[in-house]
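Presented below is the structure to which this report refers.
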Amino acid sequence: MKLPFFQNYDFIIIPGIGNSDEKHWQSKWENFFSNAHRIVVSNWDEPDRKEWETALGDLLGGLENGRKKVLIAHSLGCLLVHHYFFENQIHQNHVAAILLVAPPNPKSSAFPAQAAGFSNLTRIKLVPPALILASENDPYAEIDFSKQLASDWGAEFKSIGKKGHVNSQSNLGKWLGGVTRLFLFLWRL
């Protein structure tokens, strides 16, 4: 996107398990923002937390261009961001904001067994300002879990209504409502 406001940031796309296909709003945003970058891992279906953390750290470390970073995580990517900043403080001062969309509840019966390495959550607050957007009918997390997670992590919380898991099946397209919420969040910082 060519709006001057967005040119001030690098947008780091952090998908969840299975990656985000071409119909997913994250993929649309990756094409929408001119300074967007997606983490790269060897296997999106069998997530290895250490590999994903390394991929995030390598991407953040490789973008030393003076622009602040905005992390845009979906689903398991949200848990990755928390684990990464709990264990690695090195890049957190270069991150302007974190958008966490549809973080899954690791205690839910729907939580994928292959993602067990991401399930040990702490109540440690995130240092960069964070916003959690959650759906009221997400099969991977109850809305009360998402509200509590926002409180635990020191994040702002917003319900986005009934949007399922806020993925390709939610048919959000470019999800301009999400872009607007991100813009307003960044504007207030």
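Values below: every heavy atom of this structure, side chains too, minus hydrogens, waters and symmetry copies.
Atoms CD and CG, on E53 and D58 in that order, are 11.5 Å from each other to the nearest 0.5 Å. Put simply, OG1 on T122 and CZ on F85 are 13.0 Å apart, with the number rounded to the nearest 0.5 Å. Remark: I17 CD1 to S75 OG distance equals 8.0 Å, nearest 0.5 Å. In this structure, CD1 on I124 lies 12.0 Å from NE2 on H83, to the nearest 0.5 angstrom. Expressed to the nearest 0.5 Å, how far CZ of F86 lies from CG of L79 amounts to 14.0 Å. Taken from OG1 in T54 to CZ in R49, the straight-line distance is 10.5 Å, to the nearest 0.5 Å.
Hydrophobic cluster membership is shared by I132 and V81, with clusters built from Ile, Leu, Val, Met, Phe, Trp and Tyr side chains linked at under 4.5 angstrom. With hydrophobic clusters built from ILVMFWY side chains whose heavy atoms lie under 4.5 angstrom apart, F145 does not share a cluster with Y140. L76 is not connected to V40 by any chain of hydrophobic side-chain contacts under 4.5 Å among Ile, Leu, Val, Met, Phe, Trp and Tyr, and they are in different clusters.
The pair E156-R181 fails the salt-bridge criterion, with no side-chain N (NZ, NE, NH1 or NH2) lying under 4.0 Å from an Asp/Glu carboxylate O.
Checked options L182, L133, T180; the residue passing with W175 is L133 (criterion: side chain to side chain contact (heavy atoms under 4.5 Å, CB included)). Checked options I12, L60, L71, N19; the residue passing with I39 is I12 (criterion: side chain to side chain contact (heavy atoms under 4.5 Å, CB included)). With D10 as the partner, the salt bridge (charged side-chain N to carboxylate O under 4.0 Å, His left out) test is satisfied by one option alone out of R38, K68, K69: K69.
Remark: the E142 side chain and the N105 side chain contain an N/O donor-acceptor pair separated by less than 3.5 Å.
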Next on the checklist: Run the side-chain contact (heavy atoms from CB on, under 4.5 Å) test on Q114 and D45 for me, step by step, so that the C-alpha distance in whole Å, both residues' side-chain angles and the decisive distance to 0.1 Å come before the verdict.
Outcome noted: CA-CA 8 Å; Q114 64 268 39; D45 298 318; 5.7 Å; no
Next on the checklist: Evaluate L149 against L121 for side-chain contact (heavy atoms from CB on, under 4.5 Å), listing each step before the verdict.
Outcome noted: CA-CA 9 Å; L149 194 65; L121 301 182; 4.1 Å; yes
Checklist entry - Passes side-chain contact (heavy atoms from CB on, under 4.5 Å), F11 versus F6? Steps please. => result CA-CA 9 Å; F11 297 93; F6 287 117; 3.4 Å; yes
Next on the checklist: side-chain contact (heavy atoms from CB on, under 4.5 Å) for L126 and L100? Distances and angles first, verdict last.
Outcome noted: CA-CA 12 Å; L126 291 164; L100 304 168; 4.0 Å; yes
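The backbone N or O of I14 lies less than 3.5 Å from a partner atom in the side chain of Q26, making a donor-acceptor pair. Looking only at distances, no side-chain donor or acceptor of S170 sits under 3.5 Å from a matching main-chain atom of L172. A donor-acceptor pair under 3.5 Å links the side-chain atoms of K125 to the main chain of S151, judged by distance alone.
Taking a 6.0 Å sphere around CZ of R188, one finds it holds more than 12 heavy atoms contributed by other residues, nucleotides or ligands. Few gaps surround OH on Y84; more than 12 heavy atoms of other groups in view lie less than 6.0 Å from it.
Using a 4.5 Å heavy-atom threshold, the side chains of L80 and F118 count as touching. Contact of the E87 side chain with the K50 side chain is registered, since non-hydrogen atoms from C-beta on lie closer than 4.5 Å. The shortest distance between side-chain heavy atoms of I13 and S20 does not fall below 4.5 Å. Between E22 and E30 the shortest side-chain heavy-atom distance does not fall below 4.5 Å. Side-chain contact check for F111 versus S119: some heavy-atom pair is nearer than 4.5 Å. In this structure the side chain of S135 never reaches within 4.5 angstrom of the side chain of H165, judged on heavy atoms. Using a 4.5 Å cut-off on side-chain heavy atoms (C-beta onward), F32 and V179 make contact. Contact of the L176 side chain with the F183 side chain is not registered, since no non-hydrogen atoms from C-beta on lie closer than 4.5 Å.
Between W25 and H74, the ring planes lie perpendicular to each other; the angle is over 60°, past the 30° to 60° tilted range. Under the 30°/60° scheme for interplanar angles, the aromatic rings of F33 and W29 are found to stand perpendicular.
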